[in-house]
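The structure appears below as structure tokens.
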There are 2 protein chains.
Amino acid sequence: MPPTLEEVAKLAGVSRSTVSRVVNQHPNVRPEVRERVWEVIRKTGYQPHAAARSLATRRTRVIGLIIPQAVTTLFTDPYFPILIRGIADACNAHNYHLMLSLFSRRRVQESRARQDLLYQQVLRGRYLDGVVVSSAPLDDPIFPRLLEDGVPFIIVGRYPHERANYVDVDNVAGARMAVEHLLRLGHERVATITGPLNMCSGQDRLEGYRQALAARGIPVDEDLIAEGDFTEQGGQAAMRRLLPHRPTAVFAASDMMAAGAIKVLREAGLRVPEDVAVVGFDDIPLASMVEPPLTTVRQPIEQTGGMAVELLVSLLENPGEETVHWVVLPTELVIRASCGGRSR
Amino acid sequence: MPPTLEEVAKLAGVSRSTVSRVVNQHPNVRPEVRERVWEVIRKTGYQPHAAARSLATRRTRVIGLIIPQAVTTLFTDPYFPILIRGIADACNAHNYHLMLSLFSRRRVQESRARQDLLYQQVLRGRYLDGVVVSSAPLDDPIFPRLLEDGVPFIIVGRYPHERANYVDVDNVAGARMAVEHLLRLGHERVATITGPLNMCSGQDRLEGYRQALAARGIPVDEDLIAEGDFTEQGGQAAMRRLLPHRPTAVFAASDMMAAGAIKVLREAGLRVPEDVAVVGFDDIPLASMVEPPLTTVRQPIEQTGGMAVELLVSLLENPGEETVHWVVLPTELVIRASCGGRSR
DNA sequence: AATAATTTTGGGAGCGCTCCCAGAAAGGGC
DNA sequence: GCCCTTTCTGGGAGCGCTCCCAAAATTATT
């Protein structure tokens with residue numbers, strides 16, 4: 001049975017309060033007393049009881065990462081591990097702990113009920129001080145709920161509400177750069193495989209595509225736009241729909257979809273990049289491992305996660321301030337082989 | 001300010017204890033009272049305060065997933081997301097929550113100190129009821145510590161101690177099948193790129209390799225064994241060391257390493273599978289996406305995670321039983337293109 | 001040296017829940 | 001209707017901590 005504050009106090013010959021002060025670095029303790037108490041703490045291996053502390057302070061030092069139901073299937077996309085690593089690192093740095101909430105991919109019905117239950121337990125049960133919400137669809141019920149319950153939260157992505165703080169990457173500019181690069185190489189029939197259009201990142205990357213065409217005065221051909229879902233299968237399906245319209249280049253809104261698209265192009269007897277150029281988005285490790293290595297838009301995934309935690313922590317530790325935190329990180333075009341050389 | 005038990009009790013015209021009984025499904029409550037209380041709970045949105053409950057019951061309903069420092073760099077391997085998904089699903093099913101502990105990849109010194117701190121806080125601070133430890137090196141200090149502190153835990157992998165419960169996959173049999181397949185195809189110079197040899201899975205897969213050779217009476221040539229670290233870069237480096245010894249087939253202990261090996265073989269002007277056959281291990285999604293699609297050993301990653309949670313939960317909820325839980329899940333050879341046809 | 005200001009210390013109350021025990025209500029058997 | 005079980009209900013104590021307040025000890029001020 002681990003020792004309690006009270007026991008440490010007795011052993012050190014001081015009161016409960018004094019030990020508490022020592023543990024919490026309160027300055028008003030005589031140095032020799034402080035030393036004596038530390039000694040006992042060290043010897044006994046005393047560690048404050050998290051639940052007791054939370055009960056008294058009403059804070060848990062735990063933050064949650066919520067990945068809504070809709071994207072759980074995406075979880076094999078290396079995007080998430082990288083994001084999580086960024087988040088976990090930042091949590092460590094600030095002495096917070098990370099609770100992960102994924103939702104079952106079983107029958108949707110059951111899953112929605114579970115999601116509700118989890119929300120209730122975790123957030124209303126005050127397991128958490130705040131949450132990071134990653135890549136939720138814009139219409140996810142989580143947002144109104146968090147706002148209503150007054151839970152401090154940061155979105156990785158974006159949500160149109162004045163009290164919704166977020167950190168996002170510049171998806172529009174990134175997509176635009178990618179498409180502009182294809183246009184610069186002389187392509188005229190540039191297609192795009194979008195992300196889910198109920199997600200901000202999906203919409204924004206499509207917007208970048210549109211802007212790039214508009215800047216060149218090229219009219220948008222809706223037949224050259226196919227919606228995907230960020231997965232490889234989704235990319236394959238979208239590419240099949242695109243094939244009859246004979247694009248000479250494809251901008252896929254994720255590397256996984258780009259990989260799927262390449263597979264379909266190959267099966268159709270087309271060479272990449274000679275017959276069709278392909279550009280992806282994300283720059284996950286896979287991008288440089290496929291054949292041909294993918295030209296893609298790099299986004300600072302790990303920093304995004306880290307930044308989300310920074311913002312959240314600042315929100316938690318300065319509860320007074322009503323500042324809204326909106327951060328947008330830059331993206332960058334990484335040119336590899338899949339878009340063809342400049343020789344064209 | 002959310003309502004407390006006491007307030008719900010007042011509104012329902014009963015005592016604190018009765019509400020507690022209703023919430024905790026204790027049978028001895030008159031049905032009409034129970035209904036009245038539920039009504040109030042529903043109306044007020046009452047949710048028990050996790051910390052208060054933990055303090056009284058000395059359980060948190062949170063389990064931890066610990067991924068030690070040494071493997072954090074591996075975190076981009078899709079193995080982990082899949083494992084986590086299995087774990088998260090099982091947690092949901094049993095109404096537990098999941099806390100994730102990764103460790104910073106910064107300077108090792110700092111990192112070790114942080115790991116200590118985290119261990120102290122999280123485990124001795126009783127944030128957690130128990131933990132799942134994934135793929136830790138055999139000499140990781142976490143094991144003796146957990147044993148000493150009497151923390152209930154399950155290892156994904158294995159650890160030689162009578163009180164160490166684990167769930168593992170049959171690495172030896174899987175590796176053996178893979179190598180036997182290569183031998184059956186007529187290869188005589190079969191090399192292997194191992195995992196880290198301070199990890200159980202690394203050792204076991206090498207053991208499977210040895211057994212397959214031994215069964216055919218083929219002496220082991222130590223020059224055909226190169227240690228890797230499960231990453232793509234590690235696979236590349238190992239393959240470079242293997243190249244001068246002219247293997248005709250390579251068994252890599254992970255798909256990521258197999259992908260790295262293929263890259264190096266290509267750069268050396270060798271074709272896969274015509275000149276060198278390659279087999280991987282894991283069957284991550286990448287395996288079927290690279291060129292050529294990888295023959296590999298499939299392990300049930302998601303089930304492994306789920307099973308770990310099942311075991312842990314049964315450990316937590318039957319504290320009396322001193323049963324040791326050792327589970328080994330089967331592996332399976334998936335034949336694709338990278339090992340060459342039967343035509344050989 | 002006496003008083004005022006400041007620093008240091010201890011104890012009580014309370015955070016919101018569970019669990020035990022005793023008392024009230026309800027049911028059974030004659 | 002009376003006594004004995006059984007079922008239901010309420011209140012007290014306690015989980016281990018923080019935080020406030022007042023008392024004690026120390027230091028500064030005149």
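Note that the structure is a prediction, hence the values are computed from the model and not measured.
You won't find any donor-acceptor pair under 3.5 Å spanning the side chain of A:Arg53 and the base of D:dT18, going by distance alone. Interface remark: the B:Ser15 side chain does not form any donor-acceptor pair with the D:dG11 base, using a distance-only criterion of under 3.5 Å. Interface remark: the A:Arg21 side chain does not form any donor-acceptor pair with the C:dT8 base, using a distance-only criterion of under 3.5 Å. In this model, no side-chain donor or acceptor of A:Arg58 finds a partner on the base of C:dG16 within 3.5 Å. Not a single donor-acceptor pair, N or O on each side, falls under 3.5 Å between the base of D:dG16 and the side chain of B:Arg126.
Comparing C:dT9, D:dT9, C:dT18 by their closest approach to the side chain of B:Thr57 singles out C:dT18. With C:dT9, D:dC15, D:dC17 as the choices, the nucleotide that has an atom nearest any side-chain atom of A:Val33 turns out to be C:dT9. Checking D:dG16, C:dC17, C:dA13 against every side-chain atom of A:Arg16, the shortest atom distance belongs to C:dA13. Side-chain atoms of B:Arg30 lie closest to D:dT9 of the nucleotides D:dT9, C:dT18, D:dC15. The side chain of A:Thr18 lies closest to C:dG10 when the candidates are C:dG10, D:dT18, D:dC15. Here the side chain of A:Ser20 is nearest to one of D:dT18, D:dC17, D:dC15, namely D:dT18.
As rounded to whole Å, 13 Å separates atom C1' of C:dC17 from atom CD of B:Gln47. Distance A:Glu6 CD to C:dA13 C1': 14 Å, rounded to the nearest Å. Look at CZ on A:Arg59: it is 15 Å from C1' on C:dC15, rounded to the nearest Å. Atom NE2 of B:His49 is separated from atom C1' of D:dC17 by 13 Å (rounded to the nearest Å). Distance, A:His26 NE2 to D:dC21 C1': 13 Å, rounded to whole Å. Here D:dG14 presents its P atom at 17 Å from CG of A:Leu55, a figure rounded to the nearest Å. Atom CD of B:Glu7 is separated from atom P of C:dG14 by 15 Å (rounded to the nearest Å). Here D:dA23 presents its C1' atom at 15 Å from CG of A:Asn28, a figure rounded to the nearest Å.
Salt bridge status for B:Arg145 with B:Glu148: absent, with no side-chain N to carboxylate O gap under 4.0 Å. Classification of B:Lys10 and B:Glu7 as a salt-bridged pair fails, no side-chain N sitting under 4.0 Å from a carboxylate O.
A sub-4.0 Å separation between OP1 or OP2 of C:dT18 and a side-chain N or O of B:Asn24 is present.
If B:Val14 and B:Ala52 are placed on DNA chain D by their nearest nucleotide, the residue sitting closer to the 5' end is B:Val14.
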Test side-chain hydrogen bond (donor to acceptor under 3.5 Å, both in side chains) applied to A:Tyr119 and A:Asp149, step by step: CA-CA 11 Å; A:Tyr119 181 91; A:Asp149 289 353; 3.0 Å; yes
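Ring centroids of A:Phe143 and A:His161 are separated by 6.0 Å or more, keeping the two rings apart.
If you check every strand for non-hydrogen atoms under 4.0 Å, A:Ser17 touches a base.
Under a 3.5 Å cut-off, the side chain of A:Arg59 and the backbone N or O of A:Leu316 do form a donor-acceptor pair. With B:Thr44 contributing its side chain and B:Val40 its backbone, the two residues share a donor-acceptor pair below 3.5 Å.
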